Amino acid sequence: MDLENLNEQQKQAVMKTEGPLLVLAGAGSGKTKVLTTRIVYLIQEKKVDPKSILAITFTNKAAREMKDRVINMLGEKAYEIQISTFHSFGLQIIKKYYEKLEYKRNFTILDSEDSLSLIRKILKELNIDPQIYNPKRIRNIISSNKNELIDAEGYSKFVHTEFDKKVLEVYKKYEKKLIESSSLDFDDLLMKPIILFQKYPEILQEYQEKYKYILIDEYQDTNGAQYLLTKMISAKYKNICVVGDESQSIYSFRGANFRNILNFEKDYKDAEVILLEKNYRSTQNILNVANDVIKNNTQKKDKNLWTDNEIGSKVIYHQAYNEKEEAHYVVNKIVELMDNGVDAKDIAILYRTNAQSRTIEDAILKANIPYKIVGSVYFYNRKEIKDLIAYLKVIHNEKDNINLLRIINVPKRGIGPKTIEALTNKASLYNKSIYEIIESGKELEFKKMIEEIKSKKDELTLTELVDLVLDKSGMKQELINEKSIESEIRLENLEEFKSITREFEEKYGIISLEDFLYEVSLVSDVEEYKNNDNALTLMTVHSAKGLEFDYVFIVGLEEGIFPHRNSSENFDEIEEERRLFYVAVTRAKKKLWLVNAKMRTIYGMTNRSVVSRFINEISDKYLEKELAEIQFNDYSNLIDETEDYAIGDNVEHDEYGPGIVVGVDDKVLTIAFSHQYGIKKMIKGHKSIKKG
DNA sequence: CGGCAATGTGTTTTT
DNA sequence: CACATTGCCG
């Protein structure tokens with residue numbers, strides 16, 4: 001087999017098939033190529049049975065990409081390789097051994113929003129004030145414990161404060177309710193297989209024997225459960241190859257532990273380590289910027305990206321006057337690029353928080369550039385879609401109280417909070433599901449409706465079933481009656497959903513409701529089904545991981561935004577923000593712009609911003625700085641240079657009303673406005689301020 | 001029970 | 001500012 005198009009390190013990583021191997025793959029160093037070539041090498045050269053290879057990724061997208069590439073290289077045989085995400089792998093195990101885990105065959109997978117409503121419900125039942133015990137926070141605590149394999153019982157050992165005590169109470173009830181409703185949350189998909197393996201060593205052995213060769217992508221993002229799961233399965237043959245880059249670990253807030261990668265050599269004594277430092281993606285200038293910043297992190301392996309690519313133009317650092325001008329600047333540059341023949345799809349605007357997309361979107365709309373915003377509103381998170389799926393889930397598993405409560409009064413059928421409370425109480429009194437104890441009233445009509453659909457479901461295709469649900473539930477009619485733009489969009493989304501079910505049917509032939517629900521539960525983004533048209537991409541840096549673009553704009557490089565204010569206190573969190581910045585920079589192939597604004601309005605408050613520390617960490621020799629005070633003419637007439645101020649002057653602001661000057665410096669006034677606006681800094685002589 | 005006004009809250013999010 | 005959630009009243 002031909003390995004000639006690989007570099008020396010890549011070749012080593014492919015050929016070292018036996019024993020533990022750690023591949024530290026810098027951004028753009030050909031990681032996926034190594035992984036896929038390695039799989040092919042195992043099969044073709046080492047005559048390994050495709051069935052004994054397990055390759056694990058984090059996203060469906062990555063799994064699919066790997067699969068496609070391997071299919072291209074291997075053909076038919078590739079279908080026998082187990083290439084899947086952590087969660088779908090976990091699900092497969094649970095599907096096989098659900099009985100040993102006390103689950104019914106028709107268990108439900110709850111998404112994070114479902115978990116949250118379950119927690120809200122539990123708080124209510126336990127009479128715990130959600131103001132003090134924030135449901136989201138509690139969910140996160142429970143989730144991170146599960147990711148570290150700490151169940152409620154285990155958590156009881158960590159209880160110190162009153163707060164912990166309440167969390168424990170909720171956690172216990174949460175566990176109980178999941179079992180009662182035969183439901184699993186996302187974390188269970190990883191945790192339950194481990195519990196299964198611990199309880200039944202013979203089952204673990206079966207998996208150890210089956211998967212003699214294991215590959216894990218993005219190892220820096222593994223959490224405790226994922227780490228242990230793969231460790232257990234690889235324990236016998238120890239042919240485990242992990243690929244990752246600790247400098248790209250950006251999900252620690254979700255339990256990812258990049259120390260898993262740093263500790264790999266300790267975990268596997270005879271591990272070999274291969275560094276992939278040659279970058280095939282970016283210009284030297286871009287890499288220099290990335291290296292300059294990331295070297296300020298203390299927790300990392302030494303690694304220095306280099307490239308044979310050209311030096312390229314310097315990275316532009318542009319400071320705009322405010323966020324509108326920031327957007328204006330970026331859009332102008334993009335128009336320029338496109339005038340010079342660049343395709344919109346080769347350009348991306350990256351930001352730290354979704355909220356930043358608005359201003360940019362406005363500017364893009366004015367310039368009439370085709371664009372797409374990735375990941376802000378997930379298709380499956382839209383209300384009407386979630387409602388429809390909730391119906392399907394209840395039809396599949398009537399014990400699923402969470403989804404039942406979601407739709408019992410959707411569309412409105414006169415079942416209000418009182419009735420719901422009564423039903424909930426009765427259900428817990430008799431230790432039955434809500435569905436079971438329904439015997440009268442409007443809710444009985446609801447139950448009969450579900451029963452009717454259930455009785456017909458076996459004769460229908462999935463798409464027909466969806467139609468029946470939309471019809472019988474009244475969801476469709478409600479939207480038709482509403483006749484608003486909003487309801488039109490919702491109806492369209494439901495149609496879109498049917499096109500997805502149709503696609504499933506084309507792909508798999510007859511697909512059961514069960515399989516469809518499992519699949520849908522593990523796929524959160526419909527973009528994955530959609531074609532990539534030629535559009536400019538707007539997205540958060542997090543969503544940009546793993547992608548690349550010729551031209552990249554990173555905006556909002558200000559203290560408080562990037563790095564984010566919630567992370568600026570804590571050392572570890574700042575390092576994570578820095579890794580995030582590193583990820584952002586290394587997305588760019590040809591040219592990179594770093595952009596920020598001097599003034600920014602957040603939550604309706606305008607404040608002067610401080611340049612992001614990451615900008616200051618970059619050596620001047622790689623940067624071309626454009627520190628525009630006022631970039632565009634239409635702003636210059638707002639400044640009146642003749643006005644002079646002193647401390648104590650009374651002023652009147654267009655928006656904030658009366659204020660008193662409390663500070664004057666060269667160009668900037670500090671003004672105290674009424675308390676709802678607070679103290680603000682403004683450019684001296686700005687037309688929005690008048691002496692009063 | 002359902003609709004509307006008041007109030008509060010505010011990162012990132014592979015599954 | 002923009003959105004979600006809560007609380008009150010018809």
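Chain A is the first sequence line, chain B the second, and so forth, proteins listed ahead of strands; every chain is numbered from 1. Owing to the predicted nature of the structure, the values given are computational and were not obtained by experimental measurement.
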Just to be sure I understand the geometry, which residues of residues 415-424 of chain A put a non-hydrogen atom under 4.0 Å away from DNA chain B? Ile415(A), Gly416(A), Pro417(A), Lys418(A), Thr419(A)

Check whether any side-chain nitrogen or oxygen of Asn60(A) sits under 4.0 Å from OP1 or OP2 of dT15(B), and answer yes or no. yes

Mind checking side chain to side chain contact (heavy atoms under 4.5 Å, CB included) for Leu262(A) and listing every partner two or more places apart, or none if nothing turns up? Glu246(A), Phe258(A), Arg259(A), Lys301(A)

Would you say a side-chain N or O of Asn566(A) is under 4.0 Å from OP1 or OP2 of dT12(B)? no

N/O (side chain, Thr540(A)) to phosphate O (OP1/OP2, dT13(B)) under 4.0 Å: yes

Does any pair with a residue in residues 133-144 of chain A pass side-chain hydrogen bond (donor to acceptor under 3.5 Å, both in side chains), and if so which ones, sequence neighbours excluded? Ser143(A)-Asp187(A)

Would you classify Phe86(A) as touching base, sugar-phosphate or nothing, given that sugar-phosphate means primed atoms plus P, OP1 and OP2, and contacts are heavy atoms under 4.0 Å? nothing

Taking only N/O atoms, report every protein-nucleotides 4-6 of chain C pair under 3.5 Å with atom names and distance.
none

Tell me every residue that passes side chain to side chain contact (heavy atoms under 4.5 Å, CB included) with Glu617(A), counting only those two or more places apart in sequence or in another chain. Val293(A), Asn296(A), Arg578(A), Arg613(A), Phe614(A)

Give every residue pair that meets the salt bridge (Lys or Arg N to Asp or Glu O under 4.0 Å) criterion with at least one member in residues 141-150 of chain A, sequence neighbours excluded. Lys146(A)-Asp185(A), Lys146(A)-Asp188(A)

Tell me every residue that passes side chain to side chain contact (heavy atoms under 4.5 Å, CB included) with Leu126(A), counting only those two or more places apart in sequence or in another chain. Ile122(A), Ile128(A), Glu169(A), Val170(A), Lys173(A)

Look at the side-chain N and O atoms of Asn409(A) and state whether any lies under 4.0 Å from the OP1 or OP2 oxygen of dG2(B). yes

Need one value for Arg565(A): base, sugar-phosphate or nothing, where a base atom within 4.0 Å counts as base even if backbone is also close, heavy atoms only. nothing

Mind checking what makes side chain to side chain contact (heavy atoms under 4.5 Å, CB included) contact with Ala225(A), not counting sequence neighbours? Leu149(A), Leu190(A), Ile194(A), Asn223(A)

In whole angstroms, the gap separating P of dT11(B) from OH of Tyr603(A) amounts to 5 Å

Quick one: ring pair (Phe, Tyr, Trp, His ring centres under 6.0 Å) partners of Tyr251(A), sequence neighbours excluded? Phe253(A), His542(A)

Please check if the distance between the ring centroids of Tyr518(A) and Phe107(A) is under 6.0 Å. yes

